[in-house]
Amino acid sequence: MQTIWIIAKRELATFFDSLIAYIILGLFLGFSGFFTWLYGNDIFLVGQANLRVFFSIASWSLFFFIPAITMKMLAEERKTGTLELLLTKSVTDRQLILGKFLGSVLLVCIALLATLPYVITISNIGNLDNGGTICGYLGLLLMSITYTAIGVFASSITTNQIVAFMTALFIGLFFHIIFGVLAQNFTGPLGQIFDTLNLQSHFESISRGVIDSKDLVYFLSITVLGLYLGEWSLSKRHFS
Amino acid sequence: MDIQIEKLTKTYGPQTAVNDISFDVKTGEVLGFLGPNGAGKSTTMKMITGYIGIEKGDIHIGGKSVTNPSNDLKKHIGYLPENNPLYLDMPVMDYLEFCGSLQGIDTLNIDKRIREMIGVCGLNREKHKKIGELSKGYRQRVGLAQAMIHDPEILVLDEPTTGLDPNQIIEIRKLIRDLGKEKTVILSTHILPEVEATCDRILIINKGKIVANGTPETLRKQAQGNEVLKLRIEDGDADLILKSLKELNTVQSVEYVQQNQNLFEVQSLAEQTSKRHIFNLCVQKKWVLTELTPMETKLEDIFRNLTVN
Ligand SMILES: Nc1ncnc2c1ncn2[C@@H]1O[C@H](COP(=O)(O)OP(=O)(O)OP(=O)(O)O)[C@@H](O)[C@H]1O
Ligand SMILES: [Mg+2]
């Protein structure tokens, strides 16, 4: 646990040292703020103090920004050779993966915390549904850890950050859209399978305030699977 | 802790990078690992440090196999990989702290160890800079510092002195020799005088196989053929001297090194020495012998003989 924390801490420190963190946070806040307040679904027109729009926009922003956060995680280490340095210290492949994962999840949490002013402003406009807000954030968080795990995996299979970014986005696209579209086009058991795989439906049911263990299991299993595949991809170096 | 390597083999696709090699390194020994490019030195080191898996054979460190992760041998190893990978965006001090804490140094001792390493590796003036701002030699020093920070019992150094200036090379060699008194050190290098200056034993590998293993002296003895002497004889006619030398009954051949300076190279017959005969000849002819140097086989020659084919 100590080791995982040391790696996560370094990851965060590098983010904030290299301005990447500020750029990503700035873009995330700007992007979600712009769409929430100004564009299209104008919160003032709807005149309703709920954060539905915000959560939906934020989920789209995270969908793009998380791969940007995770893309360099392992790809860069592989490319510069520092992976060899880390893994010949008292660090296991699993600890490294978990450390990287924790580091990026913490950054996403910071981004989510930074959106709290939006919530506070909205709650001043009208009476806010506290339970719903908490559930919305929980949904965003669960979605974030899922995409982070996918991103860490994508970063572990290549030395090229762009490839890692595109791979993460490509895998994410299935969960974010494609399974949902397929679910609508198929009926019967196949449709049900696609609906189960569709991340949006789980996200929506949590942000609607219904915390079902099925949804939790869904997010956590994809997360564990992603991290496990990441570990497996690191361990492939032993057998080349 | 000693290292035992048994029948180690590693193949990359069709190519056998390390081919069934076995050797031991004892505590208190510095082993110089030599071999031409692509011989398999770095590959062997990567297997010792646990970065890549062992395909066939085994490595035991302090009696425990590296293939069993629960032995947690990595704590006892300090490793400087080839090409010295570093986090260029980290300041030197932070980097050393990161490496030290990953190797399990507790917070009480870590500052002390960082200070010691900065002193030992001559990093004092550069310690607040980012690693990316350092010159190549200073980066190499940072690489050495991170390898030694947790005071490991085993040091594996892949070409440790590349890029260092002559002063620092001497310091680092001395440091390696000192460390080698209590610890187990394996270093690879292409600088042959470095091996003689630092190593107790030399291992030469070629195409994944061991071709020589022994102290510098034993290797020399094995490689040495007949006695070769370099002579300078004054106060005589060069051609006459050459002729007389050839007539000595222990001498196989004589050649001029420089005729106008009366410099000769004399090779004796196998198992024979000509030194006394030469001296007596000079006394007899009233020539003055101003130089008589036995020529040693150079490590370069040994290396070339074993690895050029
Ligand atoms: N990851 C890899 N994939 C394929 N082949 C590899 C890999 N790593 C090393 N090799 C091959 O294994 C052989 C041994 O390489 P190694 O790096 O051990 O040589 P070396 O003795 O360290 O050489 P040098 O003196 O140039 O550092 C080389 O022929 C190399 O091409
Ligand atoms: Mg090498």
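As a basis for the values below, the full set of heavy atoms in this structure was taken, side chains included, without hydrogen atoms, waters or symmetry mates. Chain naming here is simple, since letters A, B, ... match the order of the sequence lines and numbering starts at 1 in each. The shown structure was predicted, so the numbers you read here are calculated from the model rather than taken from an experiment.
With a 6.0 Å radius and a threshold of 12 heavy atoms from other residues, nucleotides or ligands, Met166(A) has its CE atom at or below the threshold.
Contact annotation for Glu82(B): neither backbone nor side-chain heavy atoms come within less than 4.5 Å of a heavy atom of chain A. Of the atoms belonging to Thr14(A), it is side-chain heavy atoms, and not backbone ones, that fall under 4.5 Å from chain B. Contacts between Met90(B) and chain A at a heavy-atom distance below 4.5 Å involve the side chain alone, from C-beta outward. For Leu88(B), no part lies under 4.5 angstrom from a heavy atom of chain A. Looking at Leu86(A), the atoms closer than 4.5 Å to chain B (heavy atoms on both sides) all sit in the side chain, from C-beta outward. Proximity to chain A (any heavy atom under 4.5 Å) is shown, for Asn83(B), by neither the backbone nor the side chain.
We find the OH-CG distance between Tyr95(B) and Leu85(A) to be 4.0 Å, quoted to the nearest 0.5 Å. Here the CG-OH distance, from Leu83(A) to Tyr51(B), works out to 4.5 Å after rounding to the nearest 0.5 Å.
Lys74(B) places a side-chain N or O within donor-acceptor distance of the main-chain N or O of Leu87(A), the cut-off being under 3.5 Å.
Ranked by heavy-atom pairs under 4.5 Å with chain B, the list Gln95(A), Glu84(A), Arg237(A) is led by Glu84(A). Note on Thr49(B), Asp89(B), Leu102(B): by heavy-atom pairs under 4.5 Å with chain A, the leading option is Leu102(B).
Using a 4.5 Å cut-off between non-hydrogen atoms, the part of residues 60-78 of chain A that approaches chain B consists of Glu77(A).
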